[in-house]
2 protein chains.
Amino acid sequence: MSRVNTPQRFINLRQAGSLPDGAIELIARRFAVLSEPARLRLVHALFDAEKSVNALAEETGSSQPNTSRHLQALASVGVVSRRREGPQSLYSICDPSIYKLCDLVCGSIEKQLARQVGVFNPDVRLGAQPRRP
Amino acid sequence: MSRVNTPQRFINLRQAGSLPDGAIELIARRFAVLSEPARLRLVHALFDAEKSVNALAEETGSSQPNTSRHLQALASVGVVSRRREGPQSLYSICDPSIYKLCDLVCGSIEKQLARQVGVFNPDVRLGAQPRRP
DNA sequence: GACTAATATGCGTACATGAGCATATGTGTA
DNA sequence: TACACATATGCTCATGTACGCATATTAGTC
């Protein structure tokens with residue numbers, strides 16, 4: 001085994017210190033790639049299956065060049081990966097944490113919206129609290 | 001109880017469909033706010049305690065006006081909240097999901113780095129796999 | 001090699017946004 | 001009211017980047 005076997009994190013935004021040089025920039029870059037609607041649509045479209053650039057362009061309503069570039073951006077941070085099959089490039093999700101990430105953010109936004117709606121109509125809840133039905 | 005009591009999500013990037021108008025933009029906005037190193041440093045600094053604008057400016061090495069603006073951006077998406085106490089504004093984390101979010105992203109980045117390092121030196125692992133030591 | 005389909009890339013433009021500076025606003029005190 | 005401290009906000013400039021367009025590159029087929 002290796003000399004390092006503790007499950008401790010080197011990069012940990014939650015802990016004081018624990019932030020090597022450039023770590024913040026890495027994290028920021030990851031979020032930045034996910035901060036574009038066009039790229040989120042691609043991620044959304046890729047959740048069910050591996051797809052080609054043209055298929056994704058059509059499904060997301062974006063141009064082929066833009067789709068290609070956005071996919072490269074997603075690949076540059078390891079969210080998706082590329083596989084050549086004949087003349088086409090097939091992209092697929094390769095970072096499993098993206099699923100939880102999206103769930104977290106979507107859940108958080110729903111809770112927030114539910115709170116805002118609740119201010120006007122306390123009877124309406126968007127079903128954002130999955131605990132104790 | 002309300003008429004809506006199923007724990008199902010209205011906004012769910014993982015599920016086909018399930019994306020109301022503007023949902024993608026909401027999610028993108030959330031990520032965008034987290035995609036700035038200066039703001040991540042603020043979040044990092046706020047994890048241990050509620051702090052004032054000046055204290056945060058000093059701790060993160062940013063100017064007072066910029067710190068104020070960044071805090072407003074974080075507040076605009078509900079990550080932090082503001083509380084007045086005398087002449088100063090005290091900011092604090094108000095979205096608990098941000099903790100898990102940071103853990104997820106940091107963990108994902110570490111795994112990725114470990115994989116990259118492993119290519120050159122297969123003996124080194126950054127301890128990013130907490131399961132089965 | 002010539003041709004076609006799929007994908008990637010170079011380039012110019014438009015737009016969003018972060019930083020610095022000065023200054024306005026707000027809050028408590030004498 | 002005058003003052004001091006803390007915070008928020010116009011304003012301008014510089015930079016990053018998404019888009020559209022044209023075109024280069026790659027892979028397969030004849």
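Lettering follows sequence order; numbering is per chain, from 1.
In this structure the side chain of Arg82(B) never reaches within 4.5 angstrom of the side chain of Leu71(B), judged on heavy atoms.
Although no hydrogens or angles enter the test, the distance criterion places a donor-acceptor pair under 3.5 Å between the side chain of Lys51(A) and the main chain of Ala45(A). A donor-acceptor pair under 3.5 Å links the side-chain atoms of Arg84(A) to the main chain of Pro87(A), judged by distance alone. For the pair Gln112(B) (side chain) and Val77(A) (backbone), a donor-acceptor distance under 3.5 Å is present.
Taking a 6.0 Å sphere around CD of Glu25(B), one finds it holds more than 12 heavy atoms contributed by other residues, nucleotides or ligands.
Using modelled atom types, one finds a donor on one side chain and an acceptor on the other under 3.5 Å when comparing Ser108(B) with Arg30(A). Asp95(B) and Ser97(B) share a side-chain donor-acceptor pair at under 3.5 Å.
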### Summary
Per-nucleotide protein contact along nucleotides 14-27 of chain C, 5' to 3', at a 4.0 Å heavy-atom cut-off (B base, S sugar-phosphate only, - neither), is ----SBBBB----S
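Legend: residues meeting side chain to side chain contact (heavy atoms under 4.5 Å, CB included) with Pro65(A), ordered by chain and number and at least two apart, are Ser63(A), Arg69(A).
Atom-to-atom, NZ of Lys51(A) to P of dA6(C) comes out at 17 Å; the value is rounded to the nearest Å. One can place CD of Glu58(A) at 15 Å from C1' of dA5(C), the figure rounded to the nearest angstrom. If you measure from atom OH of Tyr91(A) to atom P of dT7(C), you get 9 Å, rounded to the nearest angstrom.
Chain A approaches DNA chain D over the interval dA18(D) to dG28(D), counting the first and last nucleotide 5' to 3' with an atom under 4.0 Å from its heavy atoms.
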